Protein chains: 2
Amino acid sequence: MNKNDKKTPKKRMTLKAVAEALGVSTATISNAFNRPDQLSANLRDHILKECERLGYNGPNPAARSLRTGATGIVGVMLAERLAYNFRDGCATEFLQGVSEVLDDARTNMLLMPGRDDFYHLQSMESIPDRYIVYGPPRDISVIERLERQQKPVVTVDFSLKNHLSLNVDNYGGAKQAANHVLKQIGSQGPVAVIGLRLIQSDIIGRIRETELLDAGVSISRQRLEAYRDAAADHGMQIPEELIWNTHESNWADGVKAAREALSAIPRPRALLCMSDQLAMAALSVARDMSISVPDQLRIVGFDDIPEARRSHPGITTVYQPSIEKGRLAAMMVLNPERFESRVLPTQLHVRETA
Amino acid sequence: MNKNDKKTPKKRMTLKAVAEALGVSTATISNAFNRPDQLSANLRDHILKECERLGYNGPNPAARSLRTGATGIVGVMLAERLAYNFRDGCATEFLQGVSEVLDDARTNMLLMPGRDDFYHLQSMESIPDRYIVYGPPRDISVIERLERQQKPVVTVDFSLKNHLSLNVDNYGGAKQAANHVLKQIGSQGPVAVIGLRLIQSDIIGRIRETELLDAGVSISRQRLEAYRDAAADHGMQIPEELIWNTHESNWADGVKAAREALSAIPRPRALLCMSDQLAMAALSVARDMSISVPDQLRIVGFDDIPEARRSHPGITTVYQPSIEKGRLAAMMVLNPERFESRVLPTQLHVRETA
DNA sequence: TTGAAAGCGATACCAA
DNA sequence: TTGGTATCGCTTTCAA
């Protein structure tokens, strides 16, 4: 009558139940799974086979983790909401790199937002054994919680005292890009910047200068400095009115900013964009306004996401090794003792827009 | 001398320690976090405040989960390796939709590969409370493990007996696309298909027909059927030699297949591609071969990923609501009782390539 | 090589 | 409204 009268009613199997069924102690079963050297190969094989037959898939992670304090899960703490990271080409490539390595290492990846309210009344942060922190979290307090855990941490695209960090050469790349453009246009006409998150007004909580070393030196700031320095080198300057800000590297924001920038009088001869997404949006706006690229307008991006490569015309941009950055971050967090903090090189890729 | 002589050596705080410090019972602390109605508001506020001060961030998830059997984590089981899902525009949009909803629900998302070996000797599958299964897992055995958990499951892009499923109208969309193209080219010249995972030779393990309903009816098969039926309606047929297969929806595979297809004699007048990525690769090959699109060659894709929209010329394709699919899957898995299995509509978006 | 037993941190029942 | 306590499933000494 009961819907459970199939084969075996089969309630949840536990290590203890298996031990009883096989007539051995729980320690032996545990050893079969965790320390093969503690028992004979024969016995172990037998036990594993029986477990399979009985439908026991191995130790319950919660119980094991409670006992050992480890889960085998790597936390990837993201700066913002999760969804953003599935929209942004650069973040997506980074996560691809991370997931490749973690997948190979049979390690699970838990994505965690960098917002304080997510952790309210729950210490989720205690689940992972180690952390990759991708970009400075929006709420500083999550960093504090995380540090209290005393677990290995690798920060990416920013630095934190006493932790491994992985950065790319934003300044160098941006300077190359700006130099390239400025050389082309000589000193004619103004140059505008389409920036990304230059204003971090939505960071909540006090910034502890001593610990969050680069809070004021965000990657966008580094790029902006480089643009400015390059301009100065060419005897020019980029006035504040020609610096646009976007909150997110997406199409809509890029279109909006580019439209404004290209309506300025006199019209800019070049657009230095802090991401390829923004550059591609700008390219599209130029097309709409019948501004020819690169003759009347030069555009450079940043990141070198796959779309930039395939765009027509191809976007001139600064390559950063996003996938490699992800792979390396994962390797670093799995073996912190084998690595030191690093700055990865960037590289100008000249294509058709500048 | 010790490196720990900072402020307070502060060892890990536990509920019990807090209870002792405040002179109340552990049950009261627990209630303060989990059942506000079980104690006075005053006491609760006081407790929460003190916890904050003492550096106690709330109950340890491992212990709680051991006790309650729940974690508040949603597992997203992916068909293949994790990395693929960060490469494919369609998968990325799906995950974006999922993450939006889970993020809002303050629920964590654990990404899990659909390969058997990942779970070897560890019942990771017991961590999540509920599952979204995106595409038929490569190894059927993980489905078995998962079902043993008796947890809510929503399958996406395939169906499973006794579980909620979410599909899109692959047949209808593909038929519209093929009809559109066939109408344009009349009955002149051959039509080729660039297929995606038509051959599932790498599925490991027996397929239990009774349970995995659509094993033989993969989304690719549905699309292929539609192409064929459309051809038949137009008094044509698509010969097997004009059906190419790719393993993954990526640029390289697409280029390779398109190059072969466009070298066939007589050259196809139309390419029915099972993804936009493949269609865009084909477009690029056509450009290289100086074949003009759409005059000499019509191309249609599938999915309508953002890149397809922005491509020049714009890709004619079948829109499927990927983000919405993700959102809906997440909502369904969080509230299974409020939903039924669904098939979402697709829609032909005519742009410039056909 | 195996077994007995303590305890990881929290919850939820039942009493008070 | 609060407290005492058995229990969740497992790991790991220590002894046999």
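Small disclaimer: the values here were computed from a predicted structure and weren't measured. Chain letters run A, B, ... following the sequence lines, proteins first, then strands; residues in each count from 1.
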Subject >> Nearest-nucleotide comparison on DNA chain D, the residue closer to the 5′ end among B:A27 and B:T68 >> reply: B:A27

Original post:
Is there side-chain contact between B:D139 and B:F118, with heavy atoms separated by less than 4.5 Å?
Top reply: no

**OP:** Among the candidates C:dA10, D:dC10, C:dG3, find the nucleotide nearest to the side-chain atoms of A:T28.
**Re:** C:dG3

Original post:
Is any side-chain N or O of A:Y56 closer than 4.0 Å to OP1 or OP2 of D:dC10?
Top reply: yes

Subject >> Proximal nucleotide (of C:dA10, C:dT2, C:dG3) relative to the A:L43 side chain >> reply: C:dT2

Original post:
Taking the nucleotide of DNA chain D with the closest heavy atom to each, which residue, A:R67 or B:T26, is nearer the 5' end?
Top reply: B:T26

**OP:** Describe the nucleic acid contact of B:I29 in one word from base, sugar-phosphate, nothing, applying a heavy-atom distance below 4.0 Å.
**Re:** nothing

Subject >> Carboxylate-amine/guanidinium proximity below 4.0 Å for B:R81 and A:D104 >> reply: yes

Original post:
Once you round it to whole Å, what is the distance between P of C:dT11 and NZ of B:K16?
Top reply: 15 Å

**OP:** Whole angstrom is fine here: how far is it from CG in A:N57 over to P in D:dG9?
**Re:** 15 Å

Original post:
Once you round it to whole Å, what is the distance between P of C:dT11 and CG of B:N60?
Top reply: 9 Å

Subject >> Spacing of CG belonging to A:D116 relative to CD belonging to A:E144, to within rounding of 0.5 Å >> reply: 9.5 Å

**OP:** Could you check if a side-chain atom of B:L102 sits within less than 4.5 angstrom of a side-chain atom of B:L334, using non-hydrogen atoms only?
**Re:** yes

Original post:
What's the CE-C1' distance between A:M13 and D:dC10, to the nearest Å?
Top reply: 16 Å

**OP:** State, with a plain yes or no, whether a side-chain heavy atom of B:E147 is found less than 4.5 Å away from one of B:L160.
**Re:** yes

**OP:** Could you tell me the separation between the NE2 atom of B:H46 and the P atom of D:dT2, rounded to a whole number of Å?
**Re:** 12 Å

Subject >> Length of the CG-C1' vector between B:N42 and D:dT1, whole Å >> reply: 13 Å

**OP:** Go through residues 31-41 of chain B and report each residue with a non-hydrogen atom lying under 4.0 Å from DNA chain C, sorted by number.
**Re:** B:N34

**OP:** Assess whether one donor atom and one acceptor atom, taken from the side chain of B:R64 and the base of C:dT11, lie less than 3.5 Å apart.
**Re:** no

**OP:** Calculate the interatomic distance between A:E20 atom CD and D:dC10 atom C1'; express it in whole Å.
**Re:** 14 Å

**OP:** For the pair A:E324 and A:R327, find out whether any cationic side-chain nitrogen is under 4.0 Å from an anionic carboxylate oxygen.
**Re:** yes

Original post:
Do B:E50 and B:R53 sit within salt-bridge range, that is, some charged N less than 4.0 Å from a carboxylate O?
Top reply: yes

**OP:** Counting heavy atoms from C-beta on, name the nucleotide in C:dA12, C:dG9, D:dC10 closest to the side chain of A:L66.
**Re:** C:dG9

Subject >> Shortest side-chain distance from A:S25, nucleotide among C:dG3, D:dG9, C:dG9 >> reply: C:dG3

Original post:
Which whole-number value in Å describes the distance from A:L22 CG to C:dT2 C1'?
Top reply: 14 Å

